[in-house]
Amino acid sequence: MTSTVSTSFTLIPNQKYRRSSRRSKPFCNTVDTDSESLSTLGNFKALPLEIFQMVLKYLSVKDISMLSMVSKAISNRLINYISTSSGNRRLLLQDFHNLEISGKKEGSCVLEHYRSLGLLLKRCTLLLPTKDRLKYIHKILSEVSCFKLSGCPSPLHCLGLQCYGVFLQILTAGWDELECHRVFNFLCELSNLPRKVQTVVSSKPGSARKLELRIRLFCRSVLLNHWIHRSDSAFWLTRILKPWPMVNQARLLYIIFGPVSSLNGHVVWQKMIEGPTDETSLKGLADAIKLLYDTEAKEWTADDVISLVDELSVVPREWLMENNARLLILSGNNICFTFMASKAVNGRAVELARLVVFLALVCEKDLYCMDWAVKMMQKVCKVFSTPGERNNFLQSVENAFAHMIMDMLQSVMSGDRDEEDSSFLNLFHLVNAQANFHKEILYLTMRSTST
């Protein structure tokens with residue numbers, strides 16, 4: 001297939017994966033009839049295949065998965081049953097769109113059903129190499145259109161991708177990283193995910209809203225949301241992001257975790273630019289950044305994560321500094337300090353001073369402890385190599401407070417007010433932030449002089 005779209009993505013080559021020495025034996029729809037196979041069927045060998053499959057109708061999916069571990073012959077019979085039209089109808093539930101069901105017990109039952117189905121197919125294909133397991137499972141699931149990235153006409157109101165996600169989580173639980181790499185490559189090939197990501201990250205933000213939504217839902221529901229351990233979530237998020245340049249990683253991170261419209265689920269690209277936003281809009285991005293920084297994500301260095309945060313702050317254009325500060329606070333102390341220290345080391349003291357002011361403003365608005373902002377500034381001061389650099393930075397902080405207050409005061413005096421009178425409210429918060437910030441500095445100073 002040819003395309004005019006750039007193909008800068010990379011996939012891990014399949015040939016590098018080590019497999020065990022067991023040989024692949026393709027599935028077939030016939031039952032082993034040799035004496036050894038019949039002997040491992042136990043009492044079931046007296047039952048015709050049709051009767052055996054009728055018995056299975058009275059067993060739950062969990063019970064069938066337990067039965068699959070009895071012997072290879074039993075497992076083969078179950079594979080045959082799964083491949084039949086009656087087995088497909090029984091096991092591949094497809095009632096994903098009933099809105100009265102999705103948020104209630106029945107929706108949980110559908111998810112639990114696919115967890116059990118994942119365990120059943122995991123056990124039935126246990127002796128196969130990963131490549132053959134994936135091919136067989138794809139053959140079974142290929143008829144479920146709602147499991148495909150662009151298969152469902154109403155993805156926002158569909159449980160299909162969530163069911164696919166819990167199925168894959170159970171199926172791949174305990175697999176080593178090399179096998180999971182193969183799973184990701186296989187999913188990319190089936191869904192054409194790299195090509196679709198290439199389209200959205202190289203286009204104007206918002207110009208492919210429906211595709212952005214589908215990529216967001218697929219990545220979250222299938223690859224990211226169902227893992228118990230943070231290290232697993234970090235592994236799959238890394239697989240999604242790492243093939244791309246840093247600028248595209250930031251765009252993709254915003255698509256997957258950024259704020260969306262409550263009406264249609266589309267990514268809201270102007271949210272960080274037009275005005276101050278709330279914690280809810282930033283929490284997903286902050287959690288993703290912490291995931292890459294805090295967990296044992298071997299492929300990410302601290303510099304990588306800080307560069308990603310820096311790049312994110314200009315997606316799609318430069319954010320308001322208040323939103324930057326709020327994201328850093330939500331991302332945790334380590335990331336916030338490392339980000340600020342990076343600016344100090346690189347001679348961006350004036351920009352760092354403005355950031356300190358906005359950290360104080362966010363603490364005032366969101367009711368965080370102001371002593372946190374003071375202690376963070378005190379910690380950053382130790383990064384400067386000379387007393388002169390440190391003093392210049394502190395002077396820049398005071399200048400930033402003064403300039404911002406004057407700018408806000410001018411806006412209030414000009415009478416440029418909206419319905420919520422936000423200009424006056426911002427000035428009120430900033431003056432209080434400055435007062436409380438300096439109060440904590442005085443407390444800190446007095447405590448140090450009294451000891």
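- Atom CG of Asn192 is separated from atom OG of Ser150 by 9.0 Å, given to the nearest 0.5 angstrom.
- The environment of CE in Met66 is sparse: at most 12 heavy-atom neighbours from other residues, nucleotides or ligands sit within 6.0 Å.
- Ring-centre distance between Phe167 and His226: not below the 6.0 Å cut-off.
- The NE2 atom of His181 sits 12.5 Å away from the OG1 atom of Thr130 when rounded to the nearest 0.5 Å.
- More than 12 heavy atoms of other residues, nucleotides or ligands lie within 6.0 Å of NZ in Lys365, so this atom counts as buried by the packing criterion.
- The main-chain N or O of Phe184 is never found under 3.5 Å from a side-chain atom of Trp236 such that the two would form a donor-acceptor pair.
- Side-chain contact check for His429 versus Leu361: some heavy-atom pair is nearer than 4.5 Å.
- Here the side chains of Leu117 and Leu93 are not in contact, with every heavy-atom distance at 4.5 Å or above.
- Residues Ser65 and Arg123 bring a donor and an acceptor atom of their side chains to less than 3.5 Å of each other.
- Between the Gln249 side chain and the Trp244 main chain, a donor and an acceptor come within less than 3.5 Å of each other.
- Residues Pro276 and Asn323 come closest through the heavy atom pair CA-OD1, 3.4 Å.
- A donor and an acceptor atom, one from each side chain of Glu299 and Thr238, are nowhere located under 3.5 Å apart.
- Asp304 and Thr301 are linked by a side-chain donor-acceptor pair at a separation below 3.5 angstrom, with hydrogens and angles left out of the test.
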Evaluate Tyr114 against Leu92 for side chain to side chain contact (heavy atoms under 4.5 Å, CB included), listing each step before the verdict. CA-CA 8 Å; Tyr114 275 95; Leu92 298 183; 4.2 Å; yes
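- Distance check: Thr172 OG1 to Glu179 CD gives 9.5 Å after rounding to the nearest 0.5 Å.
- Screening residues 383-415 for ring pair (Phe, Tyr, Trp, His ring centres under 6.0 Å), with sequence neighbours left out, gives Phe384-Phe393, Phe401-Phe437, Phe401-His438.
- Using modelled atom types, one side-chain atom of Lys122 and one backbone atom of Ile170 make a donor-acceptor pair closer than 3.5 Å.
- Contact check on Glu322 versus Arg326 returns a salt bridge, with a Lys/Arg side-chain nitrogen under 4.0 Å from an Asp/Glu carboxylate oxygen.
- Among residues at least two apart or in separate chains, there is no ring pair (Phe, Tyr, Trp, His ring centres under 6.0 Å) pair with a member in residues 343-376.
- Counting heavy atoms of neighbouring residues, nucleotides and ligands inside a 6.0 Å radius, atom CD of Glu351 exceeds 12 of them.
- Side chains of Leu149 and Leu217 form no contact here, defined as non-hydrogen atoms less than 4.5 Å apart.
- In this structure, the side chain of Arg354 does not engage the main chain of Met404 through any donor-acceptor pair within 3.5 Å.
- Proximity of His97 to Cys152: side-chain heavy atoms (C-beta onward) are separated by under 4.5 Å at one or more points.
- For the atom pair CD (Glu189) and CG (Leu134), the distance works out to 10.5 Å, reported to the nearest 0.5 Å.
- Taking the six-membered ring for Trp and the full ring otherwise, the centers of Tyr164 and Phe96 sit at least 6.0 Å from each other.
- Put simply, the side chain of Asn392 gets close to the backbone of Gly388: a donor and an acceptor are under 3.5 Å apart.
- Between Leu126 and Met69 the shortest side-chain heavy-atom distance does not fall below 4.5 Å.
- For the pair Glu279 and Asp366, the tightest heavy-atom approach, listed with the atom from each and the gap, is OE2-OD2, 4.0 Å.
- Minimum interatomic distance between Val267 and Ile255 (heavy atoms only, all atoms of both residues): CG2-O, 3.8 Å.
- Residue Arg133 forms a side chain to side chain contact (heavy atoms under 4.5 Å, CB included) with just one option from Leu127, Leu128, Leu121, Val183, and that option is Leu128.
- Of the possible polar contacts, one joining the Ser414 side chain to the Ser411 backbone as a donor-acceptor pair under 3.5 Å is found.
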Just do the side chain to side chain contact (heavy atoms under 4.5 Å, CB included) check on Asn264 and Arg209 with the steps written out, would you? CA-CA 10 Å; Asn264 53 29; Arg209 290 183 179 275; over 6 Å; no
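- Lys290 and Asn334 share no donor-acceptor pair across their side chains, judged by distance under 3.5 Å alone.
- Looking at heavy atoms from C-beta onward, Val383 lies in side-chain contact with Phe337 at the 4.5 angstrom threshold.
- Atoms CZ and CD, on Arg220 and Gln162 in that order, are 10.5 Å from each other to the nearest 0.5 Å.
- For Lys148, the NZ atom is densely surrounded, since the number of other residues' heavy atoms within 6.0 Å is greater than 12.
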Do Leu156 and Leu213 pass the side chain to side chain contact (heavy atoms under 4.5 Å, CB included) test, and can you show the C-alpha distance, the side-chain angles, and the key distance before you say yes or no? CA-CA 9 Å; Leu156 273 180; Leu213 171 62; 4.1 Å; yes
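- Residue-environment remark: CD1 (Ile228) stays at or below the threshold of 12 foreign heavy atoms within 6.0 Å.
- Minimum heavy-atom separation, Leu161 to Val222: O-CG2, 3.7 Å.
- Taking each heavy atom of Val356 and Met377 in turn, the nearest pair found is CG1-SD, 4.0 Å.
- The backbone N or O of Gln169 lies less than 3.5 Å from no partner atom in the side chain of Arg115, so there is not a single donor-acceptor pair.
- Taken to the nearest 0.5 Å, the SG atom of Cys219 stands 6.5 Å off from the CG atom of Leu224.
- A donor-acceptor pair shorter than 3.5 Å can be found between the side chains of Tyr293 and Thr338.
- Between Trp300 and the choices Leu308, Leu291, Leu237, the side chain to side chain contact (heavy atoms under 4.5 Å, CB included) rule is met once, by Leu308.
- Sorted by first and then second residue, the pairs that involve residues 264-284 and meet ring pair (Phe, Tyr, Trp, His ring centres under 6.0 Å), not counting sequence neighbours, are Tyr254-Trp269.
- Salt bridge status for Glu177 with Arg239: absent, with no side-chain N to carboxylate O gap under 4.0 Å.
- For the residue pair Asp278/Ser281, the side-chain donor-acceptor check at 3.5 Å is satisfied.
- Under a 3.5 Å cut-off, the side chain of Asn346 and the backbone N or O of Arg348 do not form any donor-acceptor pair.
- Leu253 places none of its side-chain heavy atoms less than 4.5 Å from the side chain of Val315.
- Between the side chains of Glu364 and Asn436, a donor-acceptor pair is found at a separation under 3.5 Å.
- For Glu318, the CD atom sits in a loose shell: 12 or fewer heavy atoms of surrounding residues, nucleotides or ligands are nearer than 6.0 Å.
- In terms of heavy-atom proximity, Leu320 sits nearest to Glu274 at CD1-C, 4.2 Å.
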Run Met446 and Tyr443 through side chain to side chain contact (heavy atoms under 4.5 Å, CB included) and show every step you take. CA-CA 5 Å; Met446 295 304 295; Tyr443 286 165; 6.0 Å; no
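- Proximity of Ile64 to Ile82: side-chain heavy atoms (C-beta onward) are nowhere separated by under 4.5 Å.
- For the side chain to side chain contact (heavy atoms under 4.5 Å, CB included) with Phe428, the lone residue among Asn432, Val431, Asn426, Leu430 that qualifies is Asn432.
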